[in-house]
Amino acid sequence: MKHTERIVILDFGGQTTQLIARRLREHGVYCEILPFNAKIEDIATQETRGVVMSGGPASVHAEGAPFPDPKLYDLGLPILGICYGMQLIGKHFGTPVVKGRSGEFGPAQVEYSESGHLLDGISLPMQVWMNHGDHLEEVRAPLRLMGRSAHGLVAAVCNLDTNAYGVQFNPEATHTPQGSALLRNFAFNICSCEGGWSMESFIEQAVADIRNSVGKQKVLCALSGGLDSAVTAMLLNRAIPGQVLCFYVDTGLGRLGEREQIVETFREHGHIELEVVDAQTKFYSELKGITEPELKRKTIGRLFIEVFQEEAARHKEVDFLAQGTLYPDVIESVSVKGPSATIKSHHNVGGLPDTLHLKLIEPLRELFKDEARNLGVLLGLPRAITHRHPFPGPGLAVRVLGEVTKERCDILRKADAIFMQELRDANWYEQTRQAFAVLLPVKSVGVMGDERTYESVCVLRAVNTDDFMTADFTRLPYELLGRSASRIINEVRGINRVAYDISTKPPATVEWE
Ligand code: XMP
């Protein structure tokens with residue numbers, strides 16, 4: 001997609017690099033994250049108005065520390081260095097970066113002596129979030145000291161001749177309440193951005209792009225019931241109505257009533273007739289006897305591909321396959337973070353075989369999740385889809401621990417539906433980011449009436465999280481938990497005990513498998 005302006009964010013491996021991009025976009029400024037060692041010609045394109053260098057875990061003195069191409073400083077583009085990014089600016093312009101004796105971690109107050117328009121409208125002292133070991137000392141020309149933290153350490157510097165700024169804290173963090181305003185100042189006051197990025201403008205451009213690349217050809221679009229694929233389908237349908245073939249694979253691993261709900265939603269809100277591929281038998285029979293979580297995921301990934309291949313073979317008239325890939329998936333494939341150990345193989349990211357012979361179309365690949373959600377609202381999707389909790393690609397298979405059978409999926413579906421209904425009725429559904437029930441392969445003894453029971457244990461889980469990299473359990477009211485547990489035990493045959501999962505991520509994960 002063509003953009004008239006953008007800010008480039010160089011990723012030095014900081015935990016919050018994506019947040020910088022999200023904050024800028026919230027101000028209507030389009031920005032892109034590139035790896036720290038991006039080529040100068042990829043950074044200094046015609047539409048680039050400025051560069052942000054993110055934080056990162058390294059020390060500028062460490063062997064192998066990441067540095068940008070030094071020509072970056074000669075481009076005449078404004079630069080904002082954040083944390084490690086500021087230390088890079090210090091080192092480049094000859095101000096010593098020293099190993100701190102203690103560093104600053106957590107909340108701090110910053111007083112400023114110079115603003116350079118970065119701080120227009122910001123009240124002082126500024127409450128900020130610090131997270132650094134090294135720091136700058138004895139600021140030397142051409143850098144100028146802009147502010148110090150209450151601990152007396154250099155908190156911000158600038159080089160007004162080259163428009164380079166550095167802040168030692170994280171303006172993107174929610175714990176820096178005026179940080180978003182600072183980023184806005186950088187974009188508008190210093191980079192002279194105009195800020196035309198909005199989901200309305202995105203729709204216009206995306207529709208034109210889709211028409212351009214698809215022409216009169218046809219697109220196959222698989223719906224999962226989740227937000228990303230739903231928005232993709234709606235956008236395609238807006239751009240090329242009559243050329244999109246949508247299908248939904250019923251794996252038998254979906255939530256209660258999911259299939260019917262999706263078909264209805266698309267008929268009603270998108271005027272799209274969905275083809276339902278009933279693959280329940282295939283999934284249940286292939287999953288028979290499998291208890292090992294990774295093998296389950298791999299099997300489901302393989303089955304999805306097989307079903308896709310069969311669908312593609314049935315629709316010979318189709319040239320494109322649409323996917324709801326979002327920006328975070330695209331960035332992760334270029335980030336500085338080295339290969340990390342596979343904790344869970346997320347099968348629905350980038351795993352389609354070349355043998356499909358279909359061209360891939362990914363109209364959301366520049367969007368963050370919250371942008372995709374706003375887009376969905378604009379395209380007319382109901383709140384039941386746009387504000388639905390995320391649901392993993394392998395579905396209930398990773399929540400039915402042990403062997404996945406239709407019978408156990410049915411038990412879990414009923415329990416999960418009760419929990420969701422209780423959350424909604426108590427107004428808690430949208431106050432937690434994700435909630436679900438899990439069925440354990442463990443039986444416990446209970447008593448119902450005068451009868452001894454020996455049945456499965458169900459676990460309820462609800463989490464609060466910003467980005468799903470870390471998560472805390474939601475402090476749901478006991479009354480709500482109590483009501484859910486009592487209804488599940490009374491209404492769902494096969495469960496006689498309910499527990500609430502109070503683990504955080506890390507060390508646990510959100511899903512149980
Ligand atoms: P974990 O369990 O890794 O989950 O802490 C983090 C988030 O990712 C979701 N999840 C998946 N999503 N395909 C998906 O699309 C998958 O294979 C998958 N596995 C986990 C999980 O529901 C949570 O929101």
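Start at 1 and go down the list; that is how both ligands and their atoms are numbered.
Near Lys505, with a cut-off below 4.0 Å to any heavy atom, the atoms of ligand 1 are 1 (P), 3 (O), 5 (O), 6 (C). Every atom of ligand 1 with a heavy atom of Pro394 under 4.0 Å away is listed here by number and element: 13 (N), 16 (C), 17 (O). Which parts of ligand 1 touch Phe468 is read off a 4.0 Å heavy-atom cut-off, strictly below it: atoms 7 (C), 23 (C), 24 (O). Each of the atoms 1 (P), 2 (O), 5 (O) of ligand 1 lies under 4.0 Å from some heavy atom of Thr509.
A distance below 6.0 Å separates the ring centres of Phe308 and Phe247. Aromatic ring centres of Trp197 and His3: separated by under 6.0 Å.
Within the structure, the closest approach of His389 to ligand 1 does not fall below 4.0 Å when heavy atoms are considered.
A salt bridge does not link Lys282 to Glu286: none of the charged side-chain nitrogens sits closer than 4.0 Å to a carboxylate oxygen. Comment: Glu32 engages Arg6 in a salt bridge, judged by a side-chain N to carboxylate O separation of less than 4.0 angstrom.
The two residues Ile488 and Ala415 come nearest to each other via the heavy atoms CD1-O, 3.7 Å.
Residue nearest to atom 22 (O) of ligand 1, selected from Arg461, Arg297, Arg433, Glu511: Glu511 (by heavy-atom distance).
Taking distance alone, with nitrogen or oxygen atoms compared against 3.5 Å, Arg399 stays at or beyond that limit from ligand 1. Ligand 1 has an N or O atom lying under 3.5 Å from an N or O atom of Val510, backbone or side chain.
For the pair Arg461 and Phe473, the cation does not sit on the ring face, since its NZ or CZ is not both under 6.0 Å from the ring centre and inside 45° of the axis.
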